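Each remark here refers to the structure printed beneath this line.
Just so we're clear, the structure is a prediction, and the values are computed from it rather than from any experiment. All chains are named by letter (A, B, ...) in the order of the sequence lines, taking the proteins before the strands, and each is independently numbered beginning at 1.
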There are 2 protein chains.
Amino acid sequence: MKTRRTRQLATIHEIVATAHDHPTAEQVCDRARRRVPRISLGTVYRNLQKLEEQQQVRVVHLHDRPTRYDGMLQEHDHFLCERCGMVADLAQSREARPNWSRLYRAGYRVRAQALTFYGLCPQCRRSEERPSRAGRDSAHQQD
Amino acid sequence: MKTRRTRQLATIHEIVATAHDHPTAEQVCDRARRRVPRISLGTVYRNLQKLEEQQQVRVVHLHDRPTRYDGMLQEHDHFLCERCGMVADLAQSREARPNWSRLYRAGYRVRAQALTFYGLCPQCRRSEERPSRAGRDSAHQQD
DNA sequence: CTTTCTGCAAACTCTTTGCACTCGT
DNA sequence: ACGAGTGCAAAGAGTTTGCAGAAAG
């Protein structure tokens with residue numbers, strides 16, 4: 001079962017690798033259609049899964065929201081703004097490591113870890129503090 | 001809109017508060033039926049949501065698996081065994097805090113954080129090392 | 001030519017919701 | 001009696017899958 005280089009796979013890979021906004025599968029699909037008009041959401045999911053297995057994209061699971069995909073391949077953490085939906089990459093807290101080795105000594109084997117912070121991004125915080133301006137929802141998030 | 005003390009709500013609360021296995025909504029429903037036979041899954045979801053809002057239960061979101069509910073009210077982290085599905089509570093890495101204040105200084109406001117480790121629990125690790133014994137799946141998980 | 005991949009639509013899983021009825025207060 | 005809560009079944013969102021035909025190697 002060797003993986004074939006299809007236009008769909010290449011397109012999806014490039015989109016996720018160069019996007020900086022952690023798109024959802026549906027957003028990846030929309031963007032991919034600009035280049036492969038008849039691409040289907042099923043194909044997008046299948047290829048994202050394949051890329052994940054090959055460690056060419058990372059998956060970001062967020063509580064209650066659709067899964068998002070990330071081209072940043074180094075281990076890192078995330079911040080989700082619950083107001084505008086923006087996801088920021090955070091340098092990994094090297095402090096999580098001690099926990100890792102504590103688990104190891106207790107007999108656990110850790111394959112992966114996910115640390116996500118939930119709250120308000122600086123922009124949204126500002127508009128909350130000055131309740132006068134800016135719409136309540138999906139404020140300044142691109143695409 | 002004042003909350004009423006119904007038999008369903010009390011039952012669900014008690015089940016989650018005393019369970020140590022992080023049951024899913026469906027498991028909570030099954031267990032609740034032993035006491036309230038006609039309780040429905042919809043009611044379970046509605047009440048779990050209510051309890052969550054009142055901070056009487058915690059929600060544990062796991063990648064790709066149904067959401068689980070936790071009666072442990074202090075902040076803590078989780079370990080998911082990807083083989084048997086068991087979830088362990090971990091004392092919170094106080095090390096996550098530095099990250100918290102770094103974010104604060106950058107203008108973010110953190111409302112919550114979730115740190116989950118994924119891997120093998122000691123029991124499952126042992127059976128992987130000695131591939132001879134023990135079934136491949138849902139090994140030693142209770143209920 | 002063989003085998004993987006694709007588009008499409010249907011299926012699935014988990015969760016939420018509308019509605020008429022029930023039960024706390 | 002009033003209105004929040006319930007059971008039920010249907011709807012919803014997100015994701016997966018079966019299949020016949022397309023295309024990579």
Taking the hydrophobic residues Ile, Leu, Val, Met, Phe, Trp and Tyr, and joining any pair whose side-chain heavy atoms are under 4.5 Å apart, which ones share a cluster with B:L120?
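The other cluster members (ILVMFWY side chains, heavy atoms under 4.5 Å, direct or chained): none.
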Taking the hydrophobic residues Ile, Leu, Val, Met, Phe, Trp and Tyr, and joining any pair whose side-chain heavy atoms are under 4.5 Å apart, which ones share a cluster with B:I12?
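Its cluster partners, ordered by chain and number, are B:L9, B:I15, B:V16, B:V28, B:V36, B:I39, B:L41, B:V44, B:Y45, B:L48, B:L51, B:V57, B:V59, B:Y69.
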Using the test ring pair (Phe, Tyr, Trp, His ring centres under 6.0 Å), find all partners of A:Y118 that sit at least two apart in sequence or belong to another chain.
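So A:Y118 forms a ring pair (Phe, Tyr, Trp, His ring centres under 6.0 Å) with A:H63.
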Whole-Å distance separating the [atom1] atom of [X] from the [atom2] atom of [N]:
X: B:L48; N: D:dT6; atom1: CG; atom2: C1'; value: 15 Å
X: B:N47; N: D:dG5; atom1: CG; atom2: C1'; value: 8 Å
X: B:D64; N: C:dT15; atom1: CG; atom2: P; value: 13 Å

Interface residues of residues 9-17 of chain A with DNA chain D (non-hydrogen, below 4.0 angstrom):
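None - not one residue of the stretch has a heavy atom sitting under 4.0 Å from the strand.
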Side chain proximity check, [X] to [Y], heavy atoms < 4.5 angstrom:
X: B:R65; Y: B:L80; value: yes
X: B:L103; Y: A:F79; value: yes
X: B:N47; Y: B:Q8; value: yes

Answer with yes or no whether the hydrophobic clustering places B:M72 together with B:V60; edges join I, L, V, M, F, W, Y residues whose side-chain heavy atoms lie under 4.5 Å apart.
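Shared cluster, no.
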Does [X] have any salt bridge (Lys or Arg N to Asp or Glu O under 4.0 Å) partners at least two apart in sequence or in another chain, and if so, which?
X: B:R125; value: B:E129
X: A:R111; value: B:E82
X: B:R35; value: B:E14

Tabulated below should be each protein N or O lying under 3.5 Å from an N or O of nucleotides 8-14 of chain D; please produce it.
{"from": "D:dC8", "atom 1": "OP1", "to": "B:R38", "atom 2": "NH2", "distance (Å)": "2.2"}

Between A:R83 and A:E128, does a salt bridge (Lys or Arg N to Asp or Glu O under 4.0 Å) hold up when you go through it step by step?
CA-CA 10 Å; A:R83 192 162 175 273; A:E128 299 256 300; 3.1 Å; yes
What protein N or O atoms touch nucleotides 10-12 of chain C N or O atoms at under 3.5 angstrom, if any, and at what distances?
none

Can you list everything that forms a side chain to side chain contact (heavy atoms under 4.5 Å, CB included) with A:Q54? Sequence neighbours excluded, please.
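Only A:T3, A:K50, A:Q56 meet the side chain to side chain contact (heavy atoms under 4.5 Å, CB included) criterion with A:Q54.
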Partners meeting side chain to side chain contact (heavy atoms under 4.5 Å, CB included) with A:R58 (sequence neighbours left out)
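A:R58 satisfies side chain to side chain contact (heavy atoms under 4.5 Å, CB included) with A:D70, A:E75, A:H76 only.
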Does [X] make a side-chain N or O approach to OP1 or OP2 of [N] shorter than 4.0 Å?
X: A:Q8; N: C:dG7; answer: yes
X: B:K50; N: D:dG5; answer: yes
X: B:Q49; N: C:dT15; answer: no

Grab the N/O contacts between the protein and nucleotides 22-25 of chain C below 3.5 Å, and write none if there aren't any.
{"from": "C:dG24", "atom 1": "N2", "to": "B:R4", "atom 2": "NH2", "distance (Å)": "2.9"}
{"from": "C:dT25", "atom 1": "OP1", "to": "B:R5", "atom 2": "N", "distance (Å)": "3.3"}

